[in-house]
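Since the structure comes first, as structure tokens, the remarks are kept for the end.
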Number of protein chains: 2
Amino acid sequence: MEEFLPVLKKSSLFSGVSSDEIRGMLKCLSARMKCYKKDEFIIRSGDYIHSVGMVLSGTALIIQEDFWGKRSIISEVMPGTLFAETYACISSVPIEMSVVADSDCEIMFLDFNKILTVCTSACGFHTRLIQNFLSAIAGRNLVLTKKMQHMSKKTIREKLLSYLSAESLKSNSSTFDIPFNRQQLADYLSVDRSALSNELSKLQAEEILNFNKNRFTLKEQGPEGYL
Amino acid sequence: MEEFLPVLKKSSLFSGVSSDEIRGMLKCLSARMKCYKKDEFIIRSGDYIHSVGMVLSGTALIIQEDFWGKRSIISEVMPGTLFAETYACISSVPIEMSVVADSDCEIMFLDFNKILTVCTSACGFHTRLIQNFLSAIAGRNLVLTKKMQHMSKKTIREKLLSYLSAESLKSNSSTFDIPFNRQQLADYLSVDRSALSNELSKLQAEEILNFNKNRFTLKEQGPEGYL
DNA sequence: TCATTTCTGTTGTTTTAACAACATTTTAAA
DNA sequence: TTTAAAATGTTGTTAAAACAACAGAAATGA
């Protein structure tokens, strides 16, 4: 496990924990490591999850199959990233997605109950571990909630204004930069790129906003009822 | 606080904890209670959150204001329900919504750090509390992730099939009941009700599915490329 | 610098959804 | 049972988005 300490140190789960302490914790958590060949299943849809997984090397894909067998890729998991943590918290519900090795990879599993239960051998950083774990889940929550607010709007215009408004408020300024290019923004909002560009142009023509590359300015007086 | 024990017992946070134990825990957690008049702010957007809130009586609204000052109601919080728990986990990020009393109400606040740090006076159920707390957050995560998968589809047809496929898989059967009426389903997927009804009729005509009231049956052979 | 690629904006056409209005069915109440 | 109300399905019209195709701008790198 020693060779993966750099990965672990950078991971959100062990953030703020020194290498020495990580070593101790891995023992206290009885961390298990397992290797997978490309295309091997790491988790199968329907499994009941009691361990949290972390990719140490290689990459894994989180995939889902619908009723008709159509596969879709939910996300890619890179080294240092947790997966299945939500289902580990709710072990009574079977997981509804699969995790597959996208390349040969090494995965570390941590028993959820051991993460949760503070060990008797006063392991100083256990609270920190729980806190990091909570932050990881809560962080995802935040991201999802925010995205949902934009996506639940029906028109591109509304989605855009919802997103830009949020970015503006976050930066505390009516002028701000966004971290997406047009295609990424379109993907994020689940709309067509050119339709998005088109809508942006209209909004500028109507003087609801200005933009230049990734810098946007919202006008204080959006025309009455911009929705 | 005694009068609210029935509410607390039913809450997700104290699920599986006896009244006596709840009493002890509230002390150990130094729970604070505060009353609010209708329309009073309980949390203001921009606040840094260090406590988790729970409604004991009355109801509260979670609201948000966009750049132009347009308010929207995110959700209603009923007795026994936690709020602000996500932001309590990530206290470095200011909350981006406000919580307002929708009627006169009584709110309990629990210091997040006290929830997290197992008390010295071996409080037997503290691990259970942390587990419940985690479950609450992870549960919301699950709900959001699932909804997002449907909503990220572009057409009503795709959204519907994504939702119905998920329901079918959940129930392990091609025939299943859904918990929404048409309007609720339309709201859930953020689409127009009549357009949804229309699309359902088309899907039935194309023999991709059958439905009767809230009972749906997906056909094993959806025509090639139903997307 | 020039060439190439990527990104962005624009336009026209086709497809889809929103919306409104109404018919039919179902449910609940009197 | 009859009536009223609510829920659901249907249709036509209007509005909006998807899509495709392309032009110009910006970024990249040889």
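Just so it is clear, the model here is predicted, and its values are computed rather than measured. Residue numbers start from 1 in every chain, and the chains themselves are labelled A, B, ... in the order their sequence lines are given, proteins ahead of strands.
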Legend entry - Pair A:Glu206 + A:Arg157: basic N to acidic O under 4.0 Å: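 The answer is yes: the pair qualifies as a salt bridge.
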
Considering only side-chain heavy atoms of [X], which listed nucleotide, [options], is closest?
| X | options | answer |
| --- | --- | --- |
| B:Lys154 | C:dG9, D:dA18, D:dA17 | D:dA18 |
| A:Asn214 | C:dT8, C:dT27, D:dG9 | C:dT8 |
| B:Asp192 | C:dA18, C:dG9, D:dT8 | C:dA18 |
| B:Ser194 | C:dC19, D:dA18, C:dA17 | C:dC19 |
| B:Asn198 | D:dA21, D:dT11, D:dG9 | D:dT11 |
| A:Ser201 | C:dT10, C:dA18, D:dA27 | C:dT10 |
| A:Asn181 | C:dA18, C:dC7, D:dA7 | C:dC7 |

In whole Å, I'd like the distance from the [atom1] atom of [X] to the [atom2] atom of [N].
| X | N | atom1 | atom2 | answer |
| --- | --- | --- | --- | --- |
| A:Asn212 | D:dA27 | CG | P | 10 Å |
| B:Lys202 | D:dT11 | NZ | C1' | 11 Å |
| B:Leu196 | D:dT8 | CG | P | 10 Å |
| B:Lys153 | D:dA18 | NZ | C1' | 17 Å |
| A:Ile156 | C:dT16 | CD1 | P | 16 Å |
| A:Glu158 | C:dA17 | CD | P | 16 Å |
| B:Gln184 | D:dT8 | CD | C1' | 13 Å |
| A:Asp187 | D:dA18 | CG | C1' | 14 Å |

Inset, instruction - Pick base, sugar-phosphate or nothing for A:Ser197, based on heavy-atom distances below 4.0 Å to the nucleic acid. - result: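 Base: the residue A:Ser197, judged by heavy atoms under 4.0 Å, touches a nucleobase.
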
Does [X] place a side-chain N or O at less than 4.0 Å from the phosphate oxygens OP1/OP2 of [N]?
| X | N | result |
| --- | --- | --- |
| B:Lys213 | C:dT27 | yes |
| A:Arg182 | C:dG9 | yes |
| B:Arg157 | C:dT16 | no |

Legend entry - Member of A:Leu185, A:Leu203, A:Leu169, A:Leu209 meeting the side chain to side chain contact (heavy atoms under 4.5 Å, CB included) criterion with A:Leu164: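 The option that passes is A:Leu209.
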
Inset, instruction - Give me the ring orientation class for B:Tyr163 and B:His150: parallel if the planes are under 30° apart, tilted from 30 to 60°, perpendicular past 60°. - result: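 Rings of B:Tyr163 and B:His150: perpendicular, as their planes differ by over 60°.
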
Legend entry - pair A:Ile208-A:Lys219: side-chain heavy atoms closer than 4.5 Å: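 No, side chains not in contact.
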
Legend entry - Side chain proximity check, B:Leu129 to B:Val17, heavy atoms < 4.5 angstrom: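 SC-SC contact between B:Leu129 and B:Val17 ruled out.
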
